[in-house]
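As structure tokens, the structure follows; a few thoughts come after it.
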Number of protein chains: 4
Amino acid sequence: MAQDYGANEYRVPEVMKAWVLGDPEQLSLVEKPVPEPGPAEVLVRIDAVAICATDLEIISHGPPAMIQGGLPFNKGFTPGHEYMGTVVSLGPNVDEFRPGERVTVEIHAGCGRCQRCRQGMYTSCLNYGKNYGDQNKGHRANGFTTDGGFAEYAVNNINTLVPVPDSMSNEEATLVVTAGTAMYGLDVIGGLIAGESVVVIGPGPIGLMGVAVAKALGADPVILTGTRDGRLEMGKKLGADNVINVRNEDAVAAVRRLTDGQGVHYVLECSGAPNALNEAAQMVNRGGRICLAAFPHDPVPVDVAHLVRNNIYVYGIRGEGQSATHRAAAFMAQRRFDATVIHTHTFPLEEVPTALRYARERIEDAIKVVVKMNHH
Amino acid sequence: MAQDYGANEYRVPEVMKAWVLGDPEQLSLVEKPVPEPGPAEVLVRIDAVAICATDLEIISHGPPAMIQGGLPFNKGFTPGHEYMGTVVSLGPNVDEFRPGERVTVEIHAGCGRCQRCRQGMYTSCLNYGKNYGDQNKGHRANGFTTDGGFAEYAVNNINTLVPVPDSMSNEEATLVVTAGTAMYGLDVIGGLIAGESVVVIGPGPIGLMGVAVAKALGADPVILTGTRDGRLEMGKKLGADNVINVRNEDAVAAVRRLTDGQGVHYVLECSGAPNALNEAAQMVNRGGRICLAAFPHDPVPVDVAHLVRNNIYVYGIRGEGQSATHRAAAFMAQRRFDATVIHTHTFPLEEVPTALRYARERIEDAIKVVVKMNHH
Amino acid sequence: MAQDYGANEYRVPEVMKAWVLGDPEQLSLVEKPVPEPGPAEVLVRIDAVAICATDLEIISHGPPAMIQGGLPFNKGFTPGHEYMGTVVSLGPNVDEFRPGERVTVEIHAGCGRCQRCRQGMYTSCLNYGKNYGDQNKGHRANGFTTDGGFAEYAVNNINTLVPVPDSMSNEEATLVVTAGTAMYGLDVIGGLIAGESVVVIGPGPIGLMGVAVAKALGADPVILTGTRDGRLEMGKKLGADNVINVRNEDAVAAVRRLTDGQGVHYVLECSGAPNALNEAAQMVNRGGRICLAAFPHDPVPVDVAHLVRNNIYVYGIRGEGQSATHRAAAFMAQRRFDATVIHTHTFPLEEVPTALRYARERIEDAIKVVVKMNHH
Amino acid sequence: MAQDYGANEYRVPEVMKAWVLGDPEQLSLVEKPVPEPGPAEVLVRIDAVAICATDLEIISHGPPAMIQGGLPFNKGFTPGHEYMGTVVSLGPNVDEFRPGERVTVEIHAGCGRCQRCRQGMYTSCLNYGKNYGDQNKGHRANGFTTDGGFAEYAVNNINTLVPVPDSMSNEEATLVVTAGTAMYGLDVIGGLIAGESVVVIGPGPIGLMGVAVAKALGADPVILTGTRDGRLEMGKKLGADNVINVRNEDAVAAVRRLTDGQGVHYVLECSGAPNALNEAAQMVNRGGRICLAAFPHDPVPVDVAHLVRNNIYVYGIRGEGQSATHRAAAFMAQRRFDATVIHTHTFPLEEVPTALRYARERIEDAIKVVVKMNHH
């Protein structure tokens with residue numbers, strides 16, 4: 001926390017250990033040069049990084065943009081985007097941060113030069129993915145299109161940095177981005193939701209953080225649906241007023257029952273289940289809103305007529321936008337909820353493949369698996 | 001136009017002619033008592049009423065709310081919702097209008113007592129359909145759940161009335177609600193769209209008005225897609241910069257070509273085609289928005305993943321909300337576009353069944369068929 | 001809490017005790033007929049009513065609308081607007097509430113028929129004040145233009161009712177409207193303010209509730225300025241991170257100091273001090289926003305140039321709008337803050353004049369003085 | 001318009017003529033090196049530049065930020081911010097523009113790294129003025145804090161460039177920023193204002209463009225107030241429905257008369273008159289909004305009570321934000337109004353002092369004085 005370290009307090013080595021992607025599924029631990037921060041950038045010594053389902057996607061299939069737009073599989077880069085660490089050196093003209101500050105990192109820097117970034121919609125940057133290959137448009141999406149956090153160091157744009165208070169552990173700080181995505185979803189669909197009703201579908205990490213953030217914002221009731229009682233119990237700890245195990249009862253019917261037949265104001269869909277959008281549409285009342293923070297991979301049948309007849313708005317979101325990460329971090333710093341409930345396993349940098357396997361296969365009911373560095 | 005008629009200038013008869021719905025598809029012309037306006041209501045002598053595709057739906061299947069919510073088929077009521085006329089008498093305490101004023105009529109009055117109405121979202125009224133049968137919650141949706149315009153007189157809440165200037169014909173005034181629906185769609189997805197790019201899918205009445213309103217708002221380019229060259233030519237007259245006949249070329253490819261590969265900012269979907277939402281999602285750029293003003297009746301496959309990965313927002317709309325009808329009427333009064341281009345046929349009240357047939361079967365390429373009263 | 005009382009459980013008497021305004025400053029306790037609820041209305045048995053500075057204004061000078069618009073001084077009516085009670089009978093067609101439910105009451109019903117009400121801006125109703133005298137436009141502003149809460153019973157539009165949970169005392173429930181005004185102010189200037197910085201000027205009831213609501217929303221820091229240490233201490237209890245006694249130091253300088261020279265994002269001005277708007281403008285950073293929930297009676301010098309050069313937006317608010325009262329009540333029901341901290345004195349209905357004197361003269365450092373009924 | 005010039009088509013000289021500011025009021029024409037565009041920048045050959053009242057301020061008193069924040073008077077820089085020209089060379093990695101494209105230039109680039117820029121509020125950049133002296137935060141405000149347009153060449157961030165169509169003259173293109181400021185003002189106070197009523201106070205350049213843009217957006221009526229009949233006539237040509245010469249009648253009374261006593265929805269204040277805000281507040285109805293695009297230099301008495309009691313919102317704006325310049329340019333390209341009506345005088349680069357004098361002293365009723373380059 002912003003002790004007055006001089007910049008030379010940190011002796012930054014010339015090389016570092018980093019996991020690098022080769023062909024799909026091929027990760028190797030190599031030595032790479034430590035990168036140098038440019039204008040508006042800092043170098044962050046990574047202290048911890050959490051594993052997200054999207055990391056598994058990227059390692060198997062390449063970054064999301066590639067899937068749609070035909071970018072080459074991003075060989076040779078370092079994945080990992082939910083990381084935090086310590087600022088160790090500053091790019092030219094940076095005085096917003098000081099070496100020694102602990103920070104957690106938003107994924108999207110934005111290019112700062114397309115129409116969406118100019119509007120403040122940096123997670124919808126039109127130059128996404130153009131920062132490698134022949135073009136260099138400046139957008140960094142950590143661990144998606146530029147080097148990320150399964151390494152000892154990473155360069156970051158100052159726009160992506162969120163200060164971490166002393167009272168927050170490294171592990172907890174890796175969860176800020178996940179909470180930020182949930183916060184953004186609740187922001188775009190509703191904003192000031194105190195006293196309004198919310199369903200969260202799917203008790204994965206974003207869903208569980210969605211429960212916590214919705215409750216911190218005063219939503220009432222917050223209803224969580226899922227298939228596993230253990231996860232639903234975790235949802236209760238994070239603030240869910242009601243949980244529905246969809247193996248035992250129909251989720252739509254249960255929501256109707258819990259809301260006197262009215263349905264809810266908002267649904268945050270975090271399951272990616274094929275029928276989730278249709279169920280969400282049956283759960284909200286007329287004029288209600290749905291945020292999609294997850295998705296099925298293939299096209300699914302959707303009752304579009306119901307959306308139109310009931311004036312329902314549906315918001316697809318890529319991740320944490322409009323500085324929602326800062327707002328989520330503020331709630332966590334104020335101890336509004338205990339995000340660490342979802343942190344289940346920890347491994348050292350050397351064991352990234354094991355960590356990925358725990359996350360993918362949900363070994364020992366893993367939710368958030370954190371890789372923690374051991375700097376000497 | 002607000003000449004100073006006294007209230008007794010109009011001798012309102014005790015009975016009137018009205019078309020009344022029996023079993024599905026059964027319309028009969030009967031004599032009914034002329035209704036009396038209550039508080040905050042006026043009696044309108046109907047001078048003209050246009051036919052909308054939804055009228056055909058209602059006559060065959062009942063009002064939309066019934067389909068979802070199980071309301072009884074609304075036997076005995078008078079359909080017709082795109083009407084205009086002359087105020088002939090006032091409810092208690094009404095001084096906002098005077099007998100003699102020409103008005104056109106928004107469909108949704110709103111109940112004024114549910115949460116959505118309290119928010120100003122009266123087209124999403126939670127008491128929709130509760131104004132007949134045992135409940136009387138006060139929401140009127142003309143020609144949907146309460147008596148509409150295939151008659152000589154109708155009662156209307158003052159909130160639904162839009163003044164018609166002298167310079168606007170009765171026929172043109174029946175088109176205000178259609179333009180208002182397009183205006184509302186463009187409002188919720190974009191608002192100030194001058195210089196931004198818009199695709200309108202489907203050159204039906206709402207789509208063609210969508211072209212006209214988008215252009216009046218300064219959108220550029222406005223691209224219209226459809227299957228019939230005659231309709232597309234009409235779109236050009238209303239301001240389309242480009243038209244795409246999807247029988248000749250792929251609409252998505254054409255939009256990409258016309259926008260240098262960028263896609264557009266907004267899509268107003270007015271076709272109800274099964275793949276329209278997916279095509280719209282491929283037409284907008286990252287962060288783009290889609291308004292659904294039409295829908296296929298059955299569930300259709302939707303590429304939800306594309307919506308989420310590209311931060312696309314989708315807005316289903318029931319009709320004209322947030323006073324969009326007033327804004328559309330203002331554009332029409334200012335002659336920003338000639339809505340009468342879409343008015344193709346006229347019939348007298350006695351020939352409503354013929355008028356409906358022309359509209360349903362698109363006889364002589366009918367677009368907007370207007371029923372015009374002959375008051376003596 | 002919605003026990004299943006039948007409607008006849010409550011024997012509503014024909015007459016009631018009520019304080020009635022004569023000439024300015026003249027209040028008398030009289031017997032009046034108990035009013036009957038009309039459509040969309042209920043009769044509330046008043047259980048408690050808090051005293052607001054505006055009550056003192058109204059009793060001395062008439063309702064605010066009068067001051068501007070030349071309405072006659074509203075002789076013969078019953079003031080008091082921060083009240084709560086129990087639903088005892090229902091108007092025709094009301095099924096949203098049941099006799100026996102405890103409710104607290106928002107001031108503004110809205111007329112439901114002007115352009116502002118149609119937009120959902122019911123606190124800006126254009127027919128404000130037109131509900132007595134010759135016109136009857138239906139807007140009720142409890143205790144402002146229609147009979148209020150210094151009485152045993154009052155009629156209320158269902159739009160104005162907020163359910164009160166069992167766990168909330170009558171006294172606490174009278175404070176919901178005050179918290180709702182603060183909530184509305186924070187909503188219009190910022191909304192999701194977690195992690196953003198807020199100054200509240202003036203630790204009166206609205207200011208203190210502003211501190212509590214800002215903190216509940218996650219604002220950080222929340223800085224309170226005032227002149228009396230006792231009140232500032234109360235602010236700390238309600239969540240203020242910093243308090244500034246402006247008798248000891250310059251408020252603007254202190255805010256700058258506490259924010260590393262940056263200024264804050266938002267100011268909620270609740271003091272009515274002549275220089276408060278100028279100070280607020282010096283406290284916010286470029287692009288910041290100020291909500292005025294209080295005002296000096298006479299025109300004051302304002303540095304308009306500073307507002308324009310720094311892109312500052314200033315929001316005057318009349319009171320609790322956009323259902324902010326419901327959101328505030330939700331926070332209170334969830335025990336996010338203890339509003340009862342500001343409740344200092346209690347009197348019975350018979351002692352309204354004493355209660356008013358305590359409030360006006362701040363006897364024994366009175367903040368919120370509550371009148372509590374003794375129904376037998 | 002974007003012919004395919006190669007980059008070397010334009011031989012950019014090493015030195016250029018430029019007017020440079022010395023002590024206040026001291027402008028000299030010197031030879032300076034032609035600057036080089038950096039990343040995300042282009043070099044623009046200036047073809048024309050209009051004179052704004054703010055130029056006169058800056059030449060006499062320094063940039064606005066200095067006045068408040070104590071920056072040093074910006075000696076040695078080149079003023080002029082309403083300019084347009086031709087792209088002649090590109091910074092590294094720029095492919096959004098090509099040499100040969102005609103562009104007009106928004107003033108504010110934004111730093112891209114402060115909280116306001118991250119939100120898209122780049123005209124409220126928190127690093128305004130920090131781009132010279134010891135700090136280099138990257139914000140460029142052309143002709144305010146960095147070199148502007150009274151010169152042959154200027155470097156510009158690509159975010160600030162608006163393409164100019166072939167059909168628009170150089171002179172007209174200099175007026176886009178002025179129209180953009182009016183557009184931004186109407187956007188923040190109202191947006192979709194078709195059919196709503198607007199008063200514009202003050203027929204200076206921004207006010208006259210405000211009339212034109214309000215009318216293009218469909219506002220009705222648009223009422224213009226001022227002191228000179230010639231200017232008011234110009235307002236009529238640009239679309240004002242009513243004009244009020246405040247020397248002949250009271251502006252507030254006239255607005256009330258023209259709106260049946262209702263007042264208007266919005267006021268765009270462009271006069272800077274001491275009582276303008278108070279008059280605006282009397283002109284709008286309850287819940288109305290006021291945009292301040294001009295200001296008196298000294299504090300003025302303001303009736304704050306009226307703003308609060310009537311729920312009036314007041315928006316100070318620095319200039320053209322949220323890409324309003326693009327929207328204004330779109331209207332102008334579509335010939336919605338003839339901005340050249342306000343262009344009255346033209347001088348060559350050598351005669352900048354004369355041009356400034358015409359503008360300052362309103363010689364021959366000068367409104368917009370344009371300096372036009374003669375490139376050989």
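The structure displayed is predicted, hence computed values, not measured ones. Computation of the quantities below employed the complete heavy-atom set of this structure, encompassing side-chain atoms and omitting hydrogens, waters and symmetry-equivalent molecules.
Side-chain contact between C:L175 and C:I342: present, with at least one pair of heavy atoms (C-beta onward) separated by less than 4.5 Å. Residues A:V42 and A:V94 have side chains in contact (heavy-atom distance under 4.5 Å, counting atoms from C-beta outward).
Rounding to the nearest 0.5 Å places CG of C:L208 at 6.5 Å from CG of C:L224.
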Considering distance alone, list the donor-acceptor pairs between chain C and chain A shorter than 3.5 Å.
unit_1	atom_1	unit_2	atom_2	d
C:K215	O	A:R336	NH2	2.4
C:A216	O	A:R336	NH1	2.8
C:G218	O	A:Q334	NE2	2.8
C:Q334	NE2	A:G218	O	2.8
C:R336	NH1	A:A216	O	2.8
C:R336	NH2	A:K215	O	2.4

Determine, step by step, whether C:L192 and A:L217 satisfy the side-chain contact (heavy atoms from CB on, under 4.5 Å) criterion, reporting the C-alpha distance in whole Å, the side-chain angles of both residues, the deciding distance to 0.1 Å, and the verdict. CA-CA 9 Å; C:L192 285 179; A:L217 288 167; 3.5 Å; yes

What's the verdict on side-chain contact (heavy atoms from CB on, under 4.5 Å) for C:I312 and C:V284, showing C-alpha distance, side-chain angles and the deciding distance? CA-CA 8 Å; C:I312 293 170; C:V284 293; 3.6 Å; yes

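For C:A219, the part lying near chain A is the backbone, with the side chain staying farther off; criterion is any non-hydrogen pair under 4.5 Å.
None of A:I223, A:I193, A:V264 except one satisfies the side chain to side chain contact (heavy atoms under 4.5 Å, CB included) rule with A:V198; the exception is A:I193.
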